[in-house]
Amino acid sequence: MACPGDLKMEIELNYQPSLKQKLFHESEADEILYGGAAGGGKSYAICWDAFLRCLKYPKTHAYLFRRTYPEVEMTLVRVMQQIVPKELGHYVAGQHEMRFANGSVAHFCHLSDEGAGLLKYQGAEIHWLYFDELTHFTKAMYDYLRTRLRAEKKLGITPCVRAASNPGGPGHAWVKARFVDATGCGQFVREMTVTSEILGGESVRRIQYIPATAKDNPHITRNYIVELEQKPRALREALLLGKWDAFDGQAFPEFIDDPQHYQDGQYTHVIKPFPIPWHWTRVVSFDHGYTRPFSFGVWAVDEDGRVYRYKELYGCVEGEANTGVMLPPGEIAQQLAELMEPEFKEGLHVSGIADPAIWDRSRGLSVEEQIRSVFSGVTFRKGDNTRLPGKMQLHERLKFGEDGRPMLYVFQNCRDFIRTIPSLVYDAKKPEDIDTAGEDHIYDETRYFLMSRPIAPRHQIERKKRGFNPLED
């Protein structure tokens with residue numbers, strides 16, 4: 001994008017985007033997440049993108065969001081004031097706007113909550129929507145603001161969303177699911193088919209993730225990279241390498257998914273599936289959900305008390321983190337019957353354990369009764385819902401012993417366990433507990449199961465690792 005000729009002046013814009021920033025600006029995807037690591041030039045890319053779009057398309061409006069206004073001022077406003085020549089635009093502090101000479105406007109916004117905060121933008125017509133640190137926003141905020149994305153035909157533009165973020169934060173799980181997981185960590189552009197009942201026909205929305213680290217930014221000094229290297233492991237891997245399975249505030253940083261050891265099970269919790277011996281105990285754990293996902297975990301217990309999650313059923317809308325499929329208990333029971341049919345054909349006994357809330361009859365038949373009326377192959381009993389002891393049991397099970405083996409394994413086909421457990425964060429108000437606003441349904445049914453067969457505290461054996469080189473690929 002270049003400065004339009006009708007401004008009748010020649011102004012040199014001193015911007016040399018990195019290869020990743022150039023890809024960010026030139027992409028025609030409807031939604032883009034840029035970044036992943038610190039130092040990738042995220043805020044700079046967002047401001048330049050908004051500036052260039054507003055210059056190219058007169059009388060358009062860009063909305064740039066951070067969660068709080070002090071963050072807006074310290075990053076987006078400051079960068080925009082640095083890059084916009086005075087001949088092309090001026091900042092109006094009282095309105096929090098950068099007004100351009102061609103009639104376009106960049107609005108600097110903050111959004112602190114999902115209530116009154118969202119209503120402020122109810123009448124907005126957003127042409128270019130930007131989020132800096134997208135994981136600080138909830139999915140409800142993101143979805144609502146996208147409904148304000150519209151433009152009159154005479155403008156001749158296609159509104160779009162551009163976002164940037166590091167891993168971590170309260171929105172980590174949904175951002176990772178929508179952009180990182182859905183695009184193979186940026187290996188391809190995800191295409192979503194959207195059907196319009198009003199207009200008829202279908203359209204395709206394209207979602208892209210552009211990973212960028214400090215190494216992709218030629219303007220970052222070596223000292224900055226060395227400084228990031230000194231951070232604690234989880235924070236270092238998130239900020240320096242952009243790893244979405246390691247970040248500050250992660251509740252279970254000890255969970256390891258190492259494909260190189262799927263076969264031997266050494267220092268990994270994820271393993272290759274194998275035939276379960278017929279005499280091992282089988283248990284189904286259950287956490288109910290309607291607008292939020294429901295979850296069944298199917299477990300086997302060996303002679304040493306080690307547990308194996310070998311299959312699961314997770315009622316979540318594909319590609320949408322923490323969004324339930326809204327099935328009634330009877331239909332959930334039918335899916336459970338299909339899931340457990342192989343065990344019943346072998347004549348195996350399977351016990352069940354579930355959230356005590358499914359026995360609640362305050363609104364008529366309980367969820368447990370509705371499930372039992374359709375499927376009685378598994379008899380559920382009430383799980384122990386004591387939160388902190390349940391959390392500690394998962395920590396104990398994840399520890400590696402002297403033989404490099406944990407007391408809990410997960411088959412690699414249990415993709416939603418592998419996706420959601422590393423994404424759980426601590427509650428800001430209850431630092432020892434999990435933030436229940438996250439996607440914690442698999443975690444909850446896992447707690448019920450583990451509390452039914454608790455183990456004593458174990459000594460953690462750390463695996464020896466080679467030295468860390470931040471400049472290595």
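We use all heavy atoms of the structure for the numbers below, so side chains are in, but hydrogens, waters and symmetry mates are not. Quick caveat: nothing in here was measured; it's all calculated off a predicted structure.
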Give the minimum heavy-atom separation between Ser366 and Ile358, together with the two atoms involved. CB-O, 3.3 Å
How close do Ala164 and Ile46 get, heavy atom to heavy atom, and via which atoms? CB-CD1, 3.7 Å
Which residue pairs pass the salt bridge (charged side-chain N to carboxylate O under 4.0 Å, His left out) test with at least one member in residues 265-277, sequence neighbours excluded? none
Salt bridge (charged side-chain N to carboxylate O under 4.0 Å, His left out): pairs with one or both residues in residues 371-384, sequence neighbours excluded: Glu368-Arg372
Can you name the side-chain contact (heavy atoms from CB on, under 4.5 Å) partners of [X], sequence neighbours left out?
X      : value
Ala173 : Ser423, Glu439
Pro454 : Gln393
Glu432 : Leu388
His61  : Tyr63, Val105, His107, His127

CA sep, side-chain torsions, deciding dist, call: His136, Phe131, ring pair (Phe, Tyr, Trp, His ring centres under 6.0 Å): CA-CA 9 Å; His136 292 185; Phe131 294 90; over 10 Å; no
Taking salt bridge (charged side-chain N to carboxylate O under 4.0 Å, His left out) as the definition, give me every residue that meets it alongside [X], ordered by chain and number, with sequence neighbours left out.
X      : answer
Arg178 : Glu31, Glu320
Glu133 : none
Asp257 : none
Asp143 : Lys139, Arg146

Quick check: are there more than 12 heavy atoms from other residues, nucleotides or ligands sitting under 6.0 Å from [atom1] of [X]?
X      : atom1 : result
Arg415 : CZ    : no
Lys430 : NZ    : no
Arg363 : CZ    : no

Verify the distance criterion only: is there a donor paired with an acceptor across the side chains of [X] and [Y] at less than 3.5 Å?
X      : Y      : result
His395 : Lys391 : yes
Ser373 : Gln370 : no
Ser165 : Thr135 : yes
Glu254 : His269 : no
Tyr426 : Asp433 : no

Aromatic ring centroids of Phe65 and Tyr121 under 6.0 Å? yes
Ring centres of Phe24 and Tyr34 under 6.0 Å apart? yes
For Ala177, does its backbone N or O pair with a side-chain atom of Trp244 as donor and acceptor, under 3.5 Å? no
Expected output: side-chain Thr138 to main-chain Met141 donor-acceptor under 3.5 Å: yes
Pairs under 3.5 angstrom only: tabulate donor-acceptor contacts from the side chains of residues 324-342 to other protein residues two or more places apart or in another chain.
none

Is there any ring pair (Phe, Tyr, Trp, His ring centres under 6.0 Å) pair reaching into residues 432-452, and which pairs are they, with sequence neighbours excluded? Phe252-Tyr443, Trp299-Phe449
For Asp132, run the salt bridge (charged side-chain N to carboxylate O under 4.0 Å, His left out) check against Arg78, Arg162, Arg67, Arg66 and tell me which one passes. Arg66
Check the pair Trp174 / Tyr142 against ring pair (Phe, Tyr, Trp, His ring centres under 6.0 Å), numbers first and verdict last. CA-CA 10 Å; Trp174 78 261; Tyr142 181 79; 5.1 Å; yes
Hey, does the Lys NZ or Arg CZ of Arg148 hover above the aromatic six-ring of Tyr144, less than 6.0 Å from the centre and inside 45° of the axis? yes
Check Tyr409, Tyr308, Tyr310 against Phe274 for a ring pair (Phe, Tyr, Trp, His ring centres under 6.0 Å) and give me the one that passes. Tyr308
